[in-house]
K.L.:
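Below is a structure I'd like to ask you about.
Sequence positions, counted from 1, serve as the residue numbers for this chain.
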Amino acid sequence: MAGTVQYDILLDTSHSIWQAHFPGNPITPGVFIIQMAKELLEHHLDKSLLIQKVKNVKFLSVISPLETPAVSCVFVHIITDNATRTCQSQVQLQAGKRVLARLSFTCKYQ
């Protein structure tokens, strides 16, 4: 798939995920970032996906919804293979031009 796909997101500071991680000093959990990327990719491809492998995860900056309430999830590469029913993606979480996190993952679809 040529080009990039970008989703702009506003982080809801009242969501319970940040009350547990951590009260008074919320930090976005890595697993939340991975799940969010998978769900956005599902939306983009209009397919249900099951993560098979996550690799090259790099958290370059703490993502606090208080300090950085608006982020972009940018899919730099999306490669689907209908023969194996897999999808590979490289993703960056950004605040403006600043990269906050990078990851690659492979999913299976039906």
Side-chain angles (χ1 to χ4, degrees):
M1 183 174 292
T4 61
V5 176
Q6 179 173 319
Y7 287 90
D8 296 321
I9 301 153
L10 289 174
L11 301 175
D12 179 4
T13 57
S14 67
H15 193 281
S16 61
I17 196 164
W18 286 290
Q19 293 171 17
H21 202 267
F22 296 98
N25 186 26
I27 296 172
T28 305
V31 70
F32 176 84
I33 294 168
I34 295 166
Q35 181 67 25
M36 178 177 61
K38 183 200 80 118
E39 290 180 17
L40 291 171
L41 187 58
E42 285 178 324
H43 179 267
H44 176 70
L45 297 174
D46 195 26
K47 297 181 186 306
S48 292
L49 301 173
L50 179 63
I51 295 176
Q52 297 292 298
K53 182 186 343 180
V54 178
K55 60 181 183 175
N56 300 327
V57 179
K58 295 190 180 179
F59 301 107
L60 305 169
S61 182
V62 171
I63 302 169
S64 167
L66 298 176
E67 296 171 13
T68 313
V71 297
S72 297
C73 189
V74 180
F75 293 88
V76 181
H77 297 286
I78 301 171
I79 301 166
T80 55
D81 183 339
N82 289 327
T84 61
R85 305 188 80 61
T86 59
C87 175
Q88 296 178 5
S89 182
Q90 292 179 354
V91 185
Q92 293 186 155
L93 205 65
Q94 299 176 193
K97 299 269 184 206
R98 186 173 58 128
V99 178
L100 307 170
R102 289 188 182 124
L103 66 121
S104 300
F105 62 97
T106 302
C107 295
K108 200 96 163 135
Y109 57 88
Q110 295 190 7

K.L.:
Can you confirm whether more than 12 heavy atoms, excluding those of Asp46, are under 6.0 Å from its CG atom?
P.N.:
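No, not enclosed.
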
K.L.:
Would you kindly confirm whether Leu100 and Leu66 end up in one hydrophobic cluster when ILVMFWY residues are joined by side chain heavy atoms under 4.5 Å apart?
P.N.:
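Result: no, two separate clusters.
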
K.L.:
Taking all heavy atoms of Gly24 and all of Pro26, pick out the closest pair and write down the distance.
P.N.:
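Scanning both residues, the minimum pair turns out to be C-CD, 3.7 Å.
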
K.L.:
To the closest 0.5 Å, what do you measure between CZ (Phe75) and CD (Gln6)?
P.N.:
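With rounding to 0.5 Å, CZ (Phe75) is 10.5 Å from CD (Gln6).
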
K.L.:
In terms of hydrophobic clusters joined by side-chain contacts under 4.5 Å, are Leu103 and Ile9 together?
P.N.:
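Both belong to a single hydrophobic cluster.
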
K.L.:
Search all heavy atoms of Phe59 against all heavy atoms of Gly30 and return the closest pair with its distance.
P.N.:
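In this case the closest contact between Phe59 and Gly30 is CZ-CA, 3.5 Å.
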
K.L.:
For the NE2 atom of His77 and the CD atom of Gln92, what is their distance to the nearest 0.5 Å?
P.N.:
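Between His77 NE2 and Gln92 CD, I get 9.0 Å after rounding to 0.5 Å.
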
K.L.:
Is it the case that the ring center of His43 lies less than 6.0 angstrom away from the ring center of Tyr7?
P.N.:
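Ring centres of His43 and Tyr7 closer than 6.0 Å.
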
K.L.:
Testing Thr80, Asn82, Thr86 one by one against Tyr109 for a side-chain hydrogen bond (donor to acceptor under 3.5 Å, both in side chains), which residue passes?
P.N.:
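Among Thr80, Asn82, Thr86, the one that satisfies the side-chain hydrogen bond (donor to acceptor under 3.5 Å, both in side chains) with Tyr109 is Asn82.
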
K.L.:
Distance from Lys108 atom NZ to Asp81 atom CG, nearest 0.5 Å?
P.N.:
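The distance works out to 9.0 Å.
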
K.L.:
Mind checking the CD1-CZ spacing from Ile33 to Arg102? Nearest 0.5 Å is all I need.
P.N.:
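Output value for this atom pair is 13.5 Å.
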
K.L.:
If you look at every heavy atom in Gln88 and Thr106, which pair is closest and at what distance?
P.N.:
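That would be CG-OG1, 3.7 Å.
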
K.L.:
Would a single hydrophobic cluster contain both Phe22 and Val31, if residues Ile, Leu, Val, Met, Phe, Trp and Tyr are joined by side-chain heavy-atom contacts under 4.5 Å?
P.N.:
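No, separate clusters.
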
K.L.:
Is Leu93 close to Met36 at the side-chain level, that is, under 4.5 Å between some pair of heavy atoms?
P.N.:
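Touching, per the 4.5 Å side-chain cut-off.
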
K.L.:
Taking all atoms of both residues into account, what is the closest heavy-atom pair of Ser104 and Gln90, and its distance?
P.N.:
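Of all heavy-atom pairs spanning Ser104 and Gln90, the closest is OG-CG, 3.5 Å.
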
K.L.:
Could you pull out the closest heavy-atom pair between Gln19 and Ser14, with the gap in Å?
P.N.:
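Between these two residues, the closest heavy atoms are NE2-O, 3.2 Å.
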
K.L.:
Which distance, rounded to the nearest 0.5 Å, do you find between the CD1 of Ile27 and the CD of Glu67?
P.N.:
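Going from CD1 on Ile27 over to CD on Glu67, the span is 9.0 Å.
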
K.L.:
Give the minimum heavy-atom separation between Trp18 and Thr28, together with the two atoms involved.
P.N.:
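Answer, listing the atom of Trp18 first, then Thr28: NE1-OG1, 3.2 Å.
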
K.L.:
With hydrophobic residues grouped by side-chain heavy-atom distances under 4.5 Å, do Val91 and Leu40 end up in a single group?
P.N.:
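Yes, it is one cluster - the side chains of Val91 and Leu40 are joined through contacts under 4.5 Å.
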
K.L.:
Hydrophobic cluster membership, with links at side-chain heavy-atom distances under 4.5 Å among I/L/V/M/F/W/Y: are Leu11 and Ile17 in one?
P.N.:
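Same cluster.
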
K.L.:
Distance check, rounded to the nearest 0.5 Å: Lys47 atom NZ versus Cys87 atom SG?
P.N.:
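Atom-to-atom, Lys47:NZ and Cys87:SG are 9.0 Å apart.
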
